[in-house]
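In what follows, a structure is listed as structure tokens, so that the remarks can point back to it.
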Amino acid sequence: MDRKTARDVYRVMRRIRGFEERSATLFGENKIWGTIHSYAGEEAIAAGVCANLRDDDWITSTHRGHGHCIAKGADLGKMFAELLGRETGYCRGRGGSMHIADTSKGNLGANGIVGGGIPIATGAALTAKQLGTDQVAVSFFGDGAANQGTFHESLNLAAIWKLPAVYVCENNQYAESLPVKRAFAVDDIAVRAAGYGMPGLRIDGRDVRAVYDAAREAIARARAGNGPTLLVADSYRHEGHYYGDPRKYQSKDEIEGWRKRFDPLTDARAWIVDEGIASAADLDAIDREVAEEIDRAVAWADAGPLASPIALPGDVYAGD
Amino acid sequence: MDRKTARDVYRVMRRIRGFEERSATLFGENKIWGTIHSYAGEEAIAAGVCANLRDDDWITSTHRGHGHCIAKGADLGKMFAELLGRETGYCRGRGGSMHIADTSKGNLGANGIVGGGIPIATGAALTAKQLGTDQVAVSFFGDGAANQGTFHESLNLAAIWKLPAVYVCENNQYAESLPVKRAFAVDDIAVRAAGYGMPGLRIDGRDVRAVYDAAREAIARARAGNGPTLLVADSYRHEGHYYGDPRKYQSKDEIEGWRKRFDPLTDARAWIVDEGIASAADLDAIDREVAEEIDRAVAWADAGPLASPIALPGDVYAGD
Amino acid sequence: MQATEARAPAAAREMFYSEALGDALRLEMARDERVIVIGEDIAEHGGAFQVTAGLLERFGPTRIRQTPISEIGIVGAAVGAALTGLRPVVELMYVDFAGLAMDQIVNQAAQNRFMFGGQARVPMVLRTQGGSGRGNAAQHSKSLEAWFAHVAGLKVVMPSTPGDAKGLLTAAIRDDNPVIFLEHKLLYRTKGPVPEGEHLVPLGKADVKRAGRDLVIVTWSREVLFALEAAERLARDEIEAEVVDARTLVPLDKETILASVRKTHRVLVLHEAVKRGGYGAEIAAMIAEEAFDDLDAPPRRLAGLETPIPYAQHLERSVVPQVDDIVRAAKELVA
Amino acid sequence: MQATEARAPAAAREMFYSEALGDALRLEMARDERVIVIGEDIAEHGGAFQVTAGLLERFGPTRIRQTPISEIGIVGAAVGAALTGLRPVVELMYVDFAGLAMDQIVNQAAQNRFMFGGQARVPMVLRTQGGSGRGNAAQHSKSLEAWFAHVAGLKVVMPSTPGDAKGLLTAAIRDDNPVIFLEHKLLYRTKGPVPEGEHLVPLGKADVKRAGRDLVIVTWSREVLFALEAAERLARDEIEAEVVDARTLVPLDKETILASVRKTHRVLVLHEAVKRGGYGAEIAAMIAEEAFDDLDAPPRRLAGLETPIPYAQHLERSVVPQVDDIVRAAKELVA
Ligand SMILES: Cc1ncc(C[n+]2csc(CCOP(=O)(O)OP(=O)(O)O)c2C)c(N)n1
Ligand SMILES: Cc1ncc(C[n+]2csc(CCOP(=O)(O)OP(=O)(O)O)c2C)c(N)n1
Ligand SMILES: [Mg+2]
Ligand SMILES: [Mg+2]
């Protein structure tokens with residue numbers, strides 16, 4: 001990873017963390033409706049993967065989608081506006097957190113169905129192959145999603161068709177309250193790749209460099225027409241499954257221990273400073289800029305008009 | 001395999017072959033309605049596996065289900081009666097070929113949904129485990145079914161719960177017109193077992209001894225509480241996908257070559273005679289007995305009354 | 001099934017709808033070891049809506065069997081378990097996820113008995129919840145009873161009160177058929193009297209939740225509460241609405257519904273699900289067919305707009321019938 | 001969409017329904033390279049019902065993309081492809097398998113546009129076939145239009161003639177929404193005139209297939225043929241039945257249906273699907289609601305019995321409406 005990229009991914013990770021922290025606050029203030037799922041702790045995955053993508057590459061995301069959206073270049077104001085139910089939000093208040101999409105940046109949407117985005121990314125990769133472009137499609141999904149039928153069927157299709165797809169499994173140790181240890185009889189989810197005849201790689205999802213390098217190779221491979229790859233990134237979510245999760249299934253010790261041990265931002269700060277890519281003060285400056293950006297974004301979002309009434313059939317059907 | 005078992009499995013295979021041949025004739029005479037799928041060529045798999053099962057063990061079967069049904073001990077008369085739409089058929093004419101079940105022998109039914117039986121066998125295995133019996137559930141399914149989501153989800157559940165289940169994939173080289181080579185990017189479907197943390201074994205589905213031995217071990221393992229196994233039996237279907245299939249996707253040479261090369265009955269005859277387990281004349285006698293049994297079964301079926309009218313709600317709902 | 005209708009027995013206790021359901025599960029599990037619960041997040045977490053809270057401690061992890069996210073695998077395993085001697089209760093977290101498991105529900109569970117010529121029973125309950133009102137948006141807010149009700153071989157239950165929830169769930173667990181048991185996410189935290197101990201409400205019996213002479217509102221699930229509220233408001237204008245809670249959509253209690261129609265001569269069929277092809281159409285068509293001459297006005301439907309459920313709170317409310325909408329429709333109907 | 005209704009153009013050719021569908025696919029694939037066909041058995045074999053016969057040779061294996069058996073994977077891939085610039089036509093071999101893919105159809109394809117606030121289009125067609133009559137039994141004979149018609153975001157088409165099949169499939173492929181295109185297994189080998197070259201029948205237009213004054217039979221798919229046959233028999237008894245082929249269930253052409261009801265004052269809604277919760281309920285309820293005073297008799301439904309489809313031929317016929325049943329119901333209705 002070059003120096004500029006290092007600073008860029010740090011900024012992306014900070015934007016994600018900041019977005020999640022502010023969302024938590026807004027949620028606590030009852031300004032956000034519904035349910036939101038924090039990506040805090042997993043920033044290195046989205047940031048490291050998307051740093052290798054172009055605007056015209058596609059991603060599909062999950063219920064825990066804010067991080068992917070930001071890493072793919074979304075505007076924070078439009079994201080907050082969506083959470084606040086504004087007409088100026090990405091989905092005009094119709095979608096909310098679990099459906100934020102930004103097709104202008106190739107983000108085909110967060111998805112409330114666990115595993116629901118995997119076939120969709122596969123289809124996007126099919127488009128690229130069919131039309132002979134060199135676009136790539138990346139599907140982000142959780143460890144839980146890796147036990148869905150859609151995972152199996154999609155990886156097989158991508159493998160036999162040699163599609164330009166990369167499957168990124170974010171193993172954050174839990175699917176809601178179910179620990180991975182109880183959901184799998186294998187230690188390494190990446191071994192499943194062999195069943196489809198594609199490369200599978202387990203990576204450290206805390207280390208954005210490791211993610212970046214693995215993703216770079218997988219994306220290059222896809223772009224060159226050499227088929228799909230499965231990446232499995234070990235990770236940990238700092239928060240509960242959703243804001244408000246009582247986390248009865250975790251001990252305080254576990255939570256605190258992991259949180260400290262497993263913070264991609266702390267980790268990135270350390271090596272960026274260590275390797276002289278930027279000073280602590282430089283990074284602090286980034287942090288401040290991001291904090292200001294978030295303030296501005298929230299203010300902009302808050303000033304937007306409420307989502308307009310549903311218009312039928314136009315809101316539902318195209319061209320009608 | 002002991003000598004008695006050898007003769008028994010030979011008889012079972014002959015019964016299956018005879019049943020399929022007679023079904024073809026009846027179908028050609030327009031006596032059988034709907035669609036039937038011949039198991040000819042794959043007899044060694046059902047016979048070899050079911051020789052290790054007790055009447056109170058369960059199986060789930062497929063659209064190509066006659067062989068499993070017979071190997072699990074079904075009465076040929078009731079099977080023919082079902083194909084002929086008689087009240088005396090296993091399903092009282094309501095199910096037909098694709099739904100023949102014989103719960104008295106643990107056969108939970110043929111299944112018209114590719115992959116549909118896999119979770120059901122998994123559930124049967126769960127019953128055994130839950131009630132603390134030592135019953136085992138075996139799911140038969142095709143290579144095509146191994147690309148269904150149900151395969152993936154079920155194998156994972158069985159593995160994490162250590163269920164007494166055995167998954168038997170019959171790789172007969174095709175899913176309808178699609179050759180396995182185009183459906184998988186791996187040569188050996190059994191490698192998928194590793195992704196679930198269960199043993200996976202590829203076996204020669206022509207050789208009933210190989211099937212028997214592998215199944216014996218897998219079933220014993222399941223019965224002992226040591227969890228599930230995936231067996232993948234290489235095989236070939238002698239007939240088209242269904243009676244009447246124009247087989248445009250296969251060359252004459254391929255069909256004739258495989259058929260000769262791959263006949264579990266010829267194969268079994270050879271080693272049974274070679275090893276002095278039975279003489280050719282003994283086997284001829286079995287063949288004759290089976291032929292007579294089939295004649296009797298068809299005659300009995302044909303004499304049965306037509307299926308009685310649908311009674312509602314009683315035919316659909318229990319206890320109503 | 002021996003079911004005894006116990007409307008207001010001696011000992012009743014105020015409970016949340018979620019607790020009443022948990023109570024039914026607890027009692028049935030204690031009564032019959034073949035009853036097990038299978039689903040996501042049902043163990044330590046107690047279920048997404050806390051219905052199974054406490055059951056893990058009581059019955060242990062094999063009978064409260066928490067699963068990975070594998071909807072078709074889980075439902076299919078329940079079918080197999082039901083075929084072989086268990087009486088599984090599956091918790092599907094949101095009815096919206098039924099699309100993943102529909103094959104096992106319809107092609108297997110609903111049809112096995114019929115296809116096997118009567119050789120099998122599939123005594124299982126699929127508990128799930130639907131409906132809007134929590135900002136969960138289009139993939140977590142649907143009302144899909146119409147899908148299930150159209151499938152021969154399924155029974156379909158939608159309780160509106162804690163008491164009914166307990167009684168109907170008990171009856172569903174004891175039924176030898178696959179029962180789709182549809183809860184509503186906004187009912188879990190409603191309270192009501194619930195008979196203690198064994199309590200059965202038989203499947204296939206509607207309940208007149210309020211008597212009235214001017215029109216009948218036929219409805220179910222959360223809209224029952226809205227209808228009762230609307231009826232109070234209408235009463236102030238001297239319009240007396242009868243409210244029939246269908247409770248069980250399959251089998252449907254036509255008699256109770258038709259009796260109310262014959263009494264009031266005007267009917268409003270009300271539900272949250274999308275109107276187009278909703279189960280209200282079945283009820284309205286049935287009434288039009290069987291009580292045409294008793295009707296003084298066209299049978300009217302009030303139901304969800306033809307749109308996925310939007311996220312924002314004000315939008316969400318705008319697409320499914322609210323109390324105001326019911327009052328307005330009722331007034332038009334009796335005008 | 002610019003659609004021109006071409007009822008009887010100069011150049012028409014007798015074709016099978018299956019060929020007419022193939023013709024539409026061939027023309028649309030030649031016209032627009034973004035149109036691809038995805039499905040099982042569609043290549044060398046030409047599709048389970050021979051609709052895609054010859055297309056592999058013409059367009060090659062990437063545009064006639066034969067898949068493994070992975071229904072949700074395939075349908076989901078089509079959704080992703082549609083979102084990103086292709087116009088996929090999926091062939092789902094039997095509508096009964098929709099239960100495997102329903103999540104992608106409903107939670108993704110139907111809702112994406114809405115959920116994304118209009119950012120996306122999902123121009124895809126899901127072609128499949130249903131219905132009984134070939135002894136394929138309960139897992140290969142269902143009629144499931146009611147499921148799809150209930151889903152906001154889908155369009156639903158069910159052609160009964162070769163000409164309509166071609167014209168409606170062309171319109172469906174050019175539509176920017178997910179269209180569920182439901183064929184009938186016993187229509188593939190029926191013949192009729194089909195306009196050559198480009199032929200569009202707009203979605204949302206019913207077709208009066210026979211004029212009559214005494215009652216109107218509203219129906220679709222294979223039952224249109226039965227209704228026409230019944231009408232001929234009724235005519236011998238001087239009962240003139242109008243037959244309206246709904247053709248598109250969503251959007252529904254209410255105007256044409258209501259016009260026929262206002263003219264004949266009696267209506268029989270007819271379909272093969274299970275009556276309970278069938279789409280006939282929607283149409284009957286709509287008529288009861290909007291044309292109550294025009295009706296001289298209750299709106300009547302004739303539809304499939306509440307049972308899975310049995311295997312044996314005599315049983316199979318006994319559970320879905322046959323010509324005799326229609327004649328009988330019509331006579332009762334006008335009596
Ligand atoms: C099909 C489906 N099943 C269940 C759920 C409920 N649910 C939402 S998130 C979640 C856990 C997902 O786990 P994982 O895939 O590991 O993602 P994570 O939340 O850990 O990021 C579950 C079960 C859902 N949304 N969709
Ligand atoms: C879910 C589903 N998809 C498609 C079909 C149509 N179909 C019937 S058999 C078959 C091929 C099955 O292949 P395989 O599993 O290898 O079994 P085989 O026929 O070779 O024994 C297909 C596609 C079906 N019955 N069910
Ligand atoms: Mg996770
Ligand atoms: Mg095969």
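Remember, it's a predicted structure, so these values are computed and weren't measured experimentally. Numbers restart at 1 for each chain; the letters A, B, ... are given by sequence-line order, proteins then strands.
Counting heavy-atom pairs closer than 4.5 Å to chain C, the top residue among A124(B), G109(B), G95(B), G112(B) is A124(B). For the set R92(B), E87(B), H99(B), the entry with the most heavy-atom pairs within less than 4.5 Å of chain C is H99(B). Annotation: maximal heavy-atom pairing with chain B below 4.5 Å, among G73(C), A77(C), A120(C), occurs at A77(C). Of all the listed residues (L154(C), T67(C), N112(C)), the one sharing the greatest number of non-hydrogen pairs under 4.5 Å with chain B is L154(C). Counting heavy-atom pairs under 4.5 Å between each of L100(C), I74(C), I72(C), V122(C) and chain B puts I72(C) at the top. Of the residues considered (G117(C), G80(C), A78(C)), G80(C) shows the highest number of contacts with chain B, using heavy-atom pairs under 4.5 Å. The choice from L83(C), D103(C), V79(C) that makes the most heavy-atom pairs within less than 4.5 Å of chain B is D103(C).
Using a 4.5 Å cut-off between heavy atoms, Q111(C) makes no contact with chain B at all. Looking at I118(B), neither its backbone nor its side chain comes within 4.5 Å of chain C, counting heavy atoms on both sides. Neither the backbone nor the side chain of I69(C) has a heavy atom closer than 4.5 Å to any heavy atom of chain B. Of the two parts of I310(B), only the side chain, counted from C-beta on, holds a non-hydrogen atom closer than 4.5 Å to a non-hydrogen atom of chain C. Interface residue Q119(C): backbone and side-chain heavy atoms are both found under 4.5 Å from chain B. Looking at L155(B), there are no atoms closer than 4.5 Å to chain C (heavy atoms on both sides), in backbone or side chain. Contact of L157(B) with chain C is made through the side chain alone, with heavy-atom distances under 4.5 Å.
Aromatic pair H150(C)/Y279(C): centroids not less than 6.0 angstrom apart. Aromatic pair F97(C)/H140(C): ring centres closer than 6.0 Å. Here the two rings, on H37(B) and Y242(B), have centers that are 6.0 Å apart or farther. For F19(B) and F80(B), the ring centers sit closer than 6.0 Å to each other.
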**Derivation and outcome, ring pair (Phe, Tyr, Trp, His ring centres under 6.0 Å), residues H152(B) and Y196(B)** = CA-CA 8 Å; H152(B) 179 68; Y196(B) 309 106; 5.5 Å; yes

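Inter-residue side-chain proximity for N52(B) and D57(B) is flagged as unmet; no heavy-atom pair is nearer than 4.5 Å. At least one side-chain heavy atom of L258(C) sits less than 4.5 Å from a side-chain heavy atom of M286(C).
Using a 30° and 60° split on the angle between ring planes, H241(B) and H63(B) fall in the tilted class, from 30° to 60°.
Salt-bridge check for D134(B) with R54(B): passed, with a basic side-chain N closer than 4.0 Å to an acidic carboxylate O.
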